[in-house]
Amino acid sequence: MLLSFTFLLGLLPLHAVADDGSSHTVPYVSLGPRPFWLVNQMKDSSLKQELEACANEKTSYEVSDFSIGHRGACLQFPEHTLESYHAAALMGAGIIECDVTFTQDRQLICRHAQCDLHTTTDVVTRPELNAKCSVPFAGDGTAPKCCASDFTLEEIKTLCAKMDSSGGNDAATPEEYAFGGTADFRTDLYQESCPRIPTHKESIEFIGSLGGKFTPELKSPAVEMPYEGDYTQEMYAQQMIDEYIDMGIEPKNVWPQSFNDQDVFYWVTNTDFGGQAVALDESHVEDFSEWHATLVENGVSIVAPPLWMLVEPKESSVSRQRDSGVSALGLVGVSKYAESAKEHGLDIITWSLERSAPGPSGWYWQSLEPTLNSTLTDGDKLSLLHVLANDVGVLGVFSDWPATTTFFANCMNLGLREPDSDSESDPTSGSARSLSISVGGMVGWWY
């Protein structure tokens, strides 16, 4: 019979204090039901038994630096908003991401791309601002394009963030374009309050006040650089780091990221934040060994490819993939890419769990398809975490829903921060404290 769960959630109010003395209340801290539902979806295996035992025995969960909030908690919250960052902290993400781009007046804000405002905000429904877009919404089938560089920070601060989606270029009205198309496994539930777009500095202050650490990604400019003739890529890369310095954040609590190798090399050579600089990757599928060597030669110590580049089916899985009763655990092996990174002495971070539609399929799982597509279940997101943590040895995993990675990290003792820890794990040198996540008593596994 189908195994099911019930939970009594310990909803305990906690407070985090920012550097300026203000406090942010974390009123209801919980992993919620999803991690436990995923355990329920797993096929029988030693890992499932271990996670079941963990879920039954644990009465509280701790923040983990293994658990990284990808754009916050964007499975259900509008990405790169304080609401999304808050949700990620509530779910125990020890590190939270702000993707960084710049406005017309060179202010740094949190957006996944410089030109995504037409799908991540309501800008096309604001006639005066829509007219300023690089390509305004016109209702004639033309794809709009609205960039942070089209607007001043003051103008961007008037926008409402929303789930990243659109109703399609054939939408008849701005409202149909802006508020249609959200994937059916996501939700518009948390965009009704008009969450605002934070500046990079606001994200630092807010995430730090919740006890979080930081992994900003410097996004590639969509405008020609140097911007306006004098704002160079190096100035842009330095400005992002300067804002951590201005906010008093220690380098040990920041993992700056970029897909542009030159940004990463710049941080290594010119700043104190290069020791944890992260070289993002999704393109070195064939020449990864040479690229890994180049990173090491330039002082880079961390590489971050997507999930699928780190794993591949074991040879034995080819003959077993049609056996629907076989657990994925033991069928998934370490990729040659991951082996190369380890041979070169590189640490690894990876992205992004819980990004795909239900079921382990799609872009993030492509190296395991089609070999294992009849074997994998939604619960094998936890099996994948097991391979990544134990066989690949990753430092951390980005997730659109950090509760899943936090649960796994707590069960496996990965990257945990003790509650009321000293300043060694405090991103703001003593002012903010990590949060203890309570789920006061997992009661009952019953049939």
Side-chain angles (χ1 to χ4, degrees), residues 15-26 63 65 67-74 77-103 105-112 114 148 153 156-157 161 195-219 235-258 263 267 271-278 349 396 398 402 417 423-435:
H15 295 78
V17 183
D19 286 333
D20 61 3
S22 62
S23 67
H24 296 287
T25 299
V26 182
V63 168
D65 291 343
S67 180
I68 306 172
H70 183 236
R71 314 184 199 179
C74 64
F77 288 81
E79 63 186 45
H80 294 308
T81 60
L82 298 187
E83 289 82 353
S84 188
Y85 299 153
H86 197 187
L90 291 173
M91 288 184 241
I95 303 170
I96 298 174
E97 179 189 46
C98 164
D99 288 327
V100 177
T101 190
F102 60 86
T103 65
D105 48 351
R106 306 182 187 183
Q107 299 300 303
L108 301 185
I109 62 171
C110 299
R111 289 289 89 192
H112 179 63
Q114 189 162 43
L153 176 60
I156 286 175
K157 279 294 189 180
R196 303 296 182 175
I197 297 174
T199 65
H200 179 229
K201 276 193 171 182
E202 287 170 347
S203 79
I204 296 171
E205 180 180 17
F206 188 76
I207 292 168
S209 77
L210 295 172
K213 299 178 185 180
F214 313 91
T215 184
E217 180 189 338
L218 195 74
K219 302 304 292 189
M235 292 170 66
Y236 175 36
Q238 184 64 51
Q239 183 181 357
M240 188 183 83
I241 297 300
D242 285 344
E243 296 200 343
Y244 288 94
I245 296 172
D246 293 346
M247 300 292 285
I249 305 299
E250 296 182 48
K252 68 180 181 180
N253 294 314
V254 183
W255 288 260
Q257 323 165 67
S258 180
D263 293 337
W267 294 323
T271 78
D272 293 331
F273 289 73
Q276 296 183 156
V278 180
I349 295 171
F398 283 84
R417 285 198 248 154
S423 61
E424 283 300 303
S425 63
D426 190 336
T428 51
S429 301
S431 63
R433 292 296 181 190
S434 60
L435 306 175

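In what follows, every heavy atom counts, from backbone to side chain, and hydrogens, waters and symmetry copies are set aside. Just so you know, residue 1 is the first one in the sequence shown, and it goes up from there.
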Could you give the distance from CG (Leu210) to CG (Leu82), rounded to the nearest 0.5 Å? 9.0 Å
Before we go on, tell me: are the rings of Tyr244 and Phe214 under 6.0 Å apart, centre to centre? yes
Any donor and acceptor pair, going by atom type alone, linking the side chain of Tyr236 with main-chain N or O of Lys219 inside 3.5 Å? yes
Rounded distance (nearest 0.5 Å) linking atom CD1 of Ile96 with atom OH of Tyr85: 8.5 Å
Enter the distance from Asp99:CG to Glu217:CD here, rounded to the nearest 0.5 Å. 4.5 Å
To the nearest 0.5 angstrom, please state how far the CD1 atom of Ile109 sits from the CD1 atom of Ile197. 5.5 Å
Holding to side chain to side chain contact (heavy atoms under 4.5 Å, CB included), I want the full list of residues that pass it with Gln107, two or more places apart in sequence or in another chain. Thr103, Asp105, Leu153
Measure across Ala148 and Ile156 and return the closest heavy-atom pair with its distance rounded to 0.1 Å. O-CD1, 3.7 Å
Applying salt bridge (charged side-chain N to carboxylate O under 4.0 Å, His left out), name anything that partners Arg71, two or more places apart in sequence or on another chain. Glu79
May I ask you to test the Gln238-Thr271 pair for a side-chain heavy-atom distance under 4.5 Å? yes
Looking only at heavy atoms, the pair that brings Pro256 and Phe273 closest together is CG-O, 3.6 Å
Considering non-hydrogen atoms only, spot the tightest contact between Pro78 and Thr81 and give its length. O-OG1, 2.8 Å
Under the side chain to side chain contact (heavy atoms under 4.5 Å, CB included) test, residues paired with Glu243 that sit two or more places apart: Leu108, His200, Lys201, Ile204, Gln239
Ring-plane angle category for His112 and His70, please: parallel below 30°, perpendicular beyond 60°, tilted otherwise. perpendicular
Sorted by chain and number, sequence neighbours left out, side chain to side chain contact (heavy atoms under 4.5 Å, CB included) with Ile349 holds for Ile68, Trp255, Val278, Ile302, Ala304, Leu395, Phe398
Rounded to the nearest 0.5 Å, how far apart are CE of Met240 and OG1 of Thr101? 11.5 Å
For a quick test of reading the model, state the closest non-hydrogen atom pair linking Gly69 to Ala88 and the distance between them. CA-CB, 4.4 Å
Going from OG1 on Thr215 to CD on Gln276, what distance comes out if it is rounded to the nearest 0.5 angstrom? 9.5 Å
Non-hydrogen atoms of Ala93 and Pro402 that approach each other most closely: CB-CB, 3.8 Å
If the condition is side chain to side chain contact (heavy atoms under 4.5 Å, CB included), which residues does Glu202 pass it with, not counting sequence neighbours? Lys157, Pro198, Thr199
Kindly write out the residues that satisfy disulfide (SG to SG under 2.5 Å) with Cys98, not counting sequence neighbours, or none if the list is empty. Cys110
